[in-house]
Amino acid sequence: QVQLVESGGGLVQAGGSLRLACAVSGRTFSSGYMGWFRQPPGKAREFVAAIMWNGGRTSYADSVKGRFTISRDNAKNTVYCQMNNLKPEDTAVYFCALRLTYISVWTPSNFDAYEYWGQGTQVTVSS
């Protein structure tokens with residue numbers, strides 16, 4: 001059974017940094033991709049970033065480009081999201097998601113393409 005567990009959320013002041021981690025257990029893999037999404041209070045879930053396991057190709061939402069960096073550690077089956085220069089509007093529950101099944105066209109922001117989800121971790125940025 002595949003499980004995703006997020007960690008690293010917390011409370012930080014504007015301009016600060018946090019590093020989220022998403023550890024995958026239950027299966028080893030070398031393909032597919034992982035993404036980070038977030039859900040701000042009272043709003044819909046939105047795409048943040050994604051990375052392919054094989055090759056490390058990345059994709060970012062415009063709102064986080066230049067501030068967030070997604071990376072992976074294949075040996076640890078873990079994906080990270082380094083978040084710098086955080087803003088109050090980054091406040092949200094952050095979720096990691098995984099797709100293992102091959103897909104011919106990479107659509108990292110497509111919520112429905114992901115097969116497994118973590119429970120989420122809260123990130124709060126104070127002004």
Side-chain angles (χ1 to χ4, degrees):
Q1 182 178 356
V2 177
Q3 288 188 318
L4 280 63
V5 178
E6 301 100 335
S7 61
L11 173 64
V12 65
Q13 288 188 331
S17 298
L18 284 173
R19 187 194 195 202
L20 304 182
C22 177
V24 182
S25 62
R27 182 171 169 178
T28 58
F29 52 95
S30 59
S31 61
Y33 57 93
M34 290 194 68
W36 285 98
F37 289 76
R38 66 187 182 186
Q39 187 163 14
K43 297 183 179 181
R45 197 171 296 193
E46 60 187 33
F47 171 71
V48 175
I51 188 166
M52 297 188 76
W53 279 104
N54 188 4
R57 180 182 176 186
T58 58
S59 177
Y60 295 92
D62 288 343
S63 59
V64 306
K65 279 182 181 177
R67 300 189 299 123
F68 290 14
T69 302
I70 189 170
S71 61
R72 75 201 191 288
D73 185 329
N74 292 40
K76 295 182 178 180
N77 273 9
T78 299
V79 170
Y80 304 95
C81 186
Q82 177 67 43
M83 307 186 296
N84 298 327
N85 191 22
L86 283 161
K87 304 175 181 180
E89 51 264 42
D90 294 318
T91 294
V93 178
Y94 283 70
F95 300 87
C96 62
L98 170 67
R99 180 180 176 97
L100 292 174
T101 306
Y102 171 78
I103 188 168
S104 59
V105 178
W106 191 38
T107 54
S109 62
N110 182 1
F111 177 93
D112 293 328
Y114 292 85
E115 298 163 321
Y116 304 95
W117 289 84
Q119 293 300 306
T121 185
Q122 177 70 46
V123 171
T124 302
V125 184
S126 63
S127 57

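Residues: numbered from 1 along the sequence shown. Please read all numbers here as calculations on a predicted model, not as lab measurements.
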Test side-chain contact (heavy atoms from CB on, under 4.5 Å) on Leu100 and Glu115 and set out the steps.
CA-CA 7 Å; Leu100 292 174; Glu115 298 163 321; 3.7 Å; yes
For the ring pair Phe37 and Phe47, is the centre-to-centre distance below 6.0 Å?
yes
Can you confirm if the aromatic rings of Trp117 and Phe111 lie within a centre distance of less than 6.0 Å?
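For Phe111 and Trp117, the ring centres are under 6.0 Å apart.
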Which pair of heavy atoms, one from [X] and one from [Y], lies closest together, and at what distance?
| X | Y | result |
| --- | --- | --- |
| Leu86 | Leu18 | CD1-N, 3.8 Å |
| Arg38 | Ala92 | CB-CB, 3.7 Å |
| Met34 | Ile70 | O-CD1, 4.2 Å |
| Phe95 | Gly118 | CD2-O, 3.6 Å |
| Asn84 | Ser17 | OD1-OG, 2.9 Å |
| Tyr114 | Pro108 | OH-O, 2.6 Å |

Once rounded to the nearest 0.5 Å, what's the spacing between atom [atom1] of [X] and atom [atom2] of [Y]?
| X | Y | atom1 | atom2 | answer |
| --- | --- | --- | --- | --- |
| Ile103 | Thr101 | CD1 | OG1 | 9.0 Å |
| Asp90 | Asn85 | CG | CG | 8.5 Å |
| Thr58 | Lys65 | OG1 | NZ | 9.5 Å |
| Ser127 | Gln13 | OG | CD | 9.5 Å |

Cluster overlap Tyr33 with Leu98, hydrophobic side-chain contacts below 4.5 Å
no
Does Val12 belong to the same Ile/Leu/Val/Met/Phe/Trp/Tyr cluster as Trp36, with side-chain heavy atoms less than 4.5 Å apart forming each link?
yes
Of Val48, Thr69, Ile51, which is the lone residue that meets side chain to side chain contact (heavy atoms under 4.5 Å, CB included) with Tyr60?
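Per the side chain to side chain contact (heavy atoms under 4.5 Å, CB included) rule, the option paired with Tyr60 is Thr69, out of Val48, Thr69, Ile51.
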Are the side chains of [X] and [Y] in touch, meaning some heavy atoms are under 4.5 Å apart?
| X | Y | value |
| --- | --- | --- |
| Met52 | Trp106 | yes |
| Val24 | Gln3 | no |
| Glu6 | Leu20 | no |

I'd like to know if the side chain of Ser63 reaches the main chain of Ala61, judged simply by a donor and an acceptor atom lying under 3.5 Å from each other, with no hydrogens or angles considered.
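No.
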Has Arg72 got a side-chain atom pairing as donor or acceptor with Trp53's backbone, closer than 3.5 angstrom?
yes
Phe68 and Tyr94 aromatic ring geometry - parallel, tilted or perpendicular at 30°/60° bounds
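Taking Phe68 first and then Tyr94, their aromatic rings sit tilted (interplane angle of 30° to 60°).
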Test Met83 against Val123 for side-chain contact (heavy atoms from CB on, under 4.5 Å), laying out the working first.
CA-CA 10 Å; Met83 307 186 296; Val123 171; 3.9 Å; yes
Ser31 and Arg99: CA distance, side-chain angles, deciding distance, side-chain contact (heavy atoms from CB on, under 4.5 Å) verdict:
CA-CA 9 Å; Ser31 61; Arg99 180 180 176 97; over 6 Å; no
Is the count of non-hydrogen atoms from other residues, nucleotides or ligands lying under 6.0 Å from Asn74 atom CG greater than 12?
yes
Do Ser71 and Gln82 have a side chain donor and acceptor closer than 3.5 Å?
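Per modelled atom types, Ser71 and Gln82 side chains form no pair under 3.5 Å.
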Looking only at side chains, do Thr91 and Glu89 share a donor and an acceptor under 3.5 Å apart?
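Their side chains do not contain a donor-acceptor pair, so the 3.5 Å distance test is not met.
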Evaluate whether the separation between SG of Cys22 and SG of Cys81 stays below 2.5 angstrom.
no
